[in-house]
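Treat the numbers as computed from the prediction; the structure is a model and nothing was measured.
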Amino acid sequence: MITNGKAAEHKSLVEPTETTPALGNHDGGVANDSAEEEWVLCAEASETTYVGQKTGFDANWLSGKNIRRVVARSCSVSKLKQRLPITLWLPKYSWQDLRGDCIAGVTVGMTSVPQALAYAQIADLPLEYGLYSSFMGCFVYTLFGTSKDVTLGVTAVISLLTSACIPKEADMLDRTRYAVLLAFLVGLFQTILGVFHLGFLFNFISHPVLSGFTTASGFIIMFSQIKNILGVKGGLATDSVIQQATGYMRNIGKVRGWDVLLGMICISVLLLMREIRVSNKSKLPAPLREAIRIFAAARYGVVVIFATLIGFLLHYYNISALSLTAQANTALPAVTFPEFAWNNQSFFDHLTSLSPGIPFIVMVSSIETIAIAKAFGTRYQYTIDPSQELIAIGLGNFLTSFVSGYSIAGSFTKSSLNAQSGVRTPMGCVFTGLFVVTAQATISHCFQFVPKAALGAVIVVAVLMLIDLKIFKELWVTRPSELIPLIGTILSSMFLGVDIGFLVGIGLSLGLVLLSLAKPRLKLEKQEAFYVSRHNPAAAKNVVEIRVVPDGEIFMAAAEPFKHFLTEKLFRSRVVEQTRPDSGLGHDIHDESPDLFYRKYSVGGTINSGHLNLIQDNSLIAAASGIRQMYSECVLVLHGEDLRKLDFTTLTELHSVVDQFGSNGHAIKFVEVPVRLLRLLLPNTIRTSHLSKADKPNDLRSLTVKPSPASWRSRGGRASIHVTPGAILDSITAESSEDGDHIRDVALRLD
């Protein structure tokens, strides 16, 4: 039997491996070693084939040694500096950085104020709570964030999820308490995830699920703002599309024309201002170009300011043509602990009410922030630390709750504006936070004159970017199966609620992952050797050894497909004994070109013709010239290193594979397999008659279980020496050589 696969290291006789008993049929008989000496190695070839894609898993990542190494590394001075990134860039801060950060921060602040007022409506909270949530996260991110472009604040999706988490029976005062407590809990969990590097858990949320969730959320938010643009009363933003549509139909006769007109004008102006572009090559003076850029970037603030002026004039002249927002609290928030108990209910009672929604806000807020940081890091070529981003957003939410704010996240709109405005360091967030605090302290008494239609227009235009329609085409072209979680997330979010829709999407996505785990990914290493008989010059034997190497762990879901592949697909073809009865296999062999030509057959007919390179030995070349009959022997090689990748269920299935291989005339070779595993895999007769008699069972390096020689001779050589389309695997891609004589490369996929 061939063990090394190198023709240059051949021996005149095939010698059994040391401590390698060659076992016979399952009756426990040992094959006669003298029969093996009859065969002389003549030619050989090897081949490696991958089935599926390579995957990996480090089973020792939770070892005590690794944990101690991680703890020691986390306590080092360099790691502590990484936990406070401001210590890395602040010593290099310059006046140019200060100028760029100030301009960008103020520009973003002019957008943050109107968006904060609008998003507070989505959360169904008083307007000032949007401002309370828009400055503390900016200050915290400056200290702990790793991206210069990310700006933390209230977002449309987080506002929607916050509203969905709060019990619907709560009044406005209780809603504010729940929202603040929710921010406290979300920040606590996010900080813990970041400290313990558990951000990999979010990798189980696929991009189609997240895209479907944000698309559905954007559509729901837009649909919910119809009431503000029409000037009618409606339900909450968290109501399903059917509930909101029913409310609109019920109040269709109460539409206020002036609200509709103002809303349409604001939407049109915002869309037009979004398209304003000023090139650096323009002939306009530089100050004018910069002024136009700031004017277009601060479009939300510009529209809200003009709409507020209109609302103030109408209020001053007692004209009730527009629906205005309620009066906002003009005082700055007090720094205090969130309320943990109220209305004769304990903290655990409120925690029970909020617990179903906490995981959703933690996931969405974290994923949004990290994704934005990665996107801008790639664009501007700097590195971000996802775990540190989790700590930054977690501490931002945690401390925001101490100033009566609700949950926040990274905002793509504000972050994009921050980058376009020329921000240079995270210090830009400080100026954004100061602008929001200044606006809260000085002009908050004017917020009562902001028309609801203007805020609705701001929300509609802002959430347009959430709706991602091109992903449908991209998935259809690349991965049509992932349209299932995408469509499932969108439909269930719109008609059942955003929280249920997110769960449905995650479930469908994980279902596809589990389905892929049920298909084992394997690598096949084939080694082929050709022998001529010493006693019978007309006889030859072809031996094929195939080592099955799992690419990664194989779990119970893949146990049955793995067994089916070994027993039904791996060696299904048949090689015809009398391949060239008229001229012999060695007809074309000569000294100048020592190649052994052959023809392979399967159940379906001829597979291909090819050749094996003969060993440079004149006696072997002469012996091969007279071959008239060829036997074939197939051996499945199971290595101990590969068996350690199988779980117990799969190992149990291998026991029946050993039984079935013996009855089909195939052999199994165990290499460096621990005796404890052999006792599990081998039939009782072999295990009792050989393993129990081993003096040093742990030194058993190789064990071959196969039928006796008479058995495979009488069977006519059941074997497989090449891949057969439709016979061995469900799909096969073969690349022929230039001469068309043999297959050079075979790619396999196990269905």
Side-chain angles (χ1 to χ4, degrees), residues 1-6 15-23 26 30-31 46-52 54-61 63 520-527 529 543-556 558-563 565-567 570-571 633-662 666-706 750:
M1 190 64 60
I2 295 301
T3 57
N4 53 25
K6 296 182 180 179
E15 298 180 357
T17 309
E18 293 182 6
T19 68
T20 307
L23 303 183
H26 289 184
V30 182
S46 61
E47 180 181 291
T48 299
T49 304
Y50 287 89
V51 181
K54 184 177 181 180
T55 58
F57 178 76
D58 186 3
N60 298 320
W61 71 284
S63 63
R521 298 175 176 88
L522 308 172
K523 180 179 72 173
L524 306 182
E525 296 179 353
K526 188 178 74 171
Q527 184 173 342
V543 178
V544 179
E545 289 188 355
I546 297 182
R547 177 180 173 182
V548 179
V549 183
D551 273 1
E553 305 283 330
I554 293 184
F555 299 101
M556 59 279 185
E560 185 61 32
F562 181 61
K563 172 188 173 183
F565 173 74
L566 294 180
T567 57
L570 187 60
F571 292 137
E633 180 178 314
C634 282
V635 182
L636 169 64
V637 180
L638 297 177
H639 200 283
E641 179 183 350
D642 306 329
L643 293 179
R644 281 190 286 271
K645 300 178 183 178
L646 312 182
D647 69 349
F648 184 78
T649 304
T650 311
L651 289 173
T652 305
E653 294 290 344
L654 276 183
H655 180 87
S656 61
V657 171
V658 176
D659 249 340
Q660 190 167 347
F661 262 55
H666 303 316
I668 299 182
K669 182 178 181 180
F670 296 92
V671 180
E672 297 183 8
V673 178
V675 174
R676 63 180 184 275
L677 282 181
L678 288 175
R679 296 185 188 280
L680 173 65
L681 299 176
L682 296 180
N684 291 333
T685 53
I686 298 178
R687 184 169 66 245
T688 302
S689 58
H690 293 281
L691 293 184
S692 61
K693 297 179 182 180
D695 295 332
K696 297 180 180 179
N698 292 331
D699 295 334
L700 197 62
R701 297 181 57 190
S702 179
L703 177 69
T704 302
V705 181
K706 64 180 182 179
L750 175 59

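Sorted by first and then second residue, the salt bridge (charged side-chain N to carboxylate O under 4.0 Å, His left out) pairs with a member in residues 642-656 read Arg547-Asp642, Lys563-Glu653; sequence neighbours excluded.
Two residues are said to be in side-chain contact when any heavy atoms from C-beta on lie closer than 4.5 Å; Leu524 and Val548 meet this criterion. At a threshold of 4.5 Å between non-hydrogen side-chain atoms, the residues Leu643 and Leu654 count as touching. Between Leu522 and Phe562 there is a side-chain heavy-atom pair separated by less than 4.5 Å.
Nearest heavy-atom pair, Val673 versus His639, reported as atom, atom and distance to 0.1 Å: CG2-C, 4.2 Å. Of all the heavy atoms in Phe670 and Leu678, the pair that sits closest is CG-CD2, 3.7 Å. In terms of heavy-atom proximity, Pro520 sits nearest to Ile554 at CB-CD1, 4.0 Å. The two residues Thr650 and Ala559 come nearest to each other via the heavy atoms OG1-CB, 3.6 Å.
Only one option out of Leu638, Leu646, Leu651 pairs with Leu677 in a side chain to side chain contact (heavy atoms under 4.5 Å, CB included); it is Leu651.
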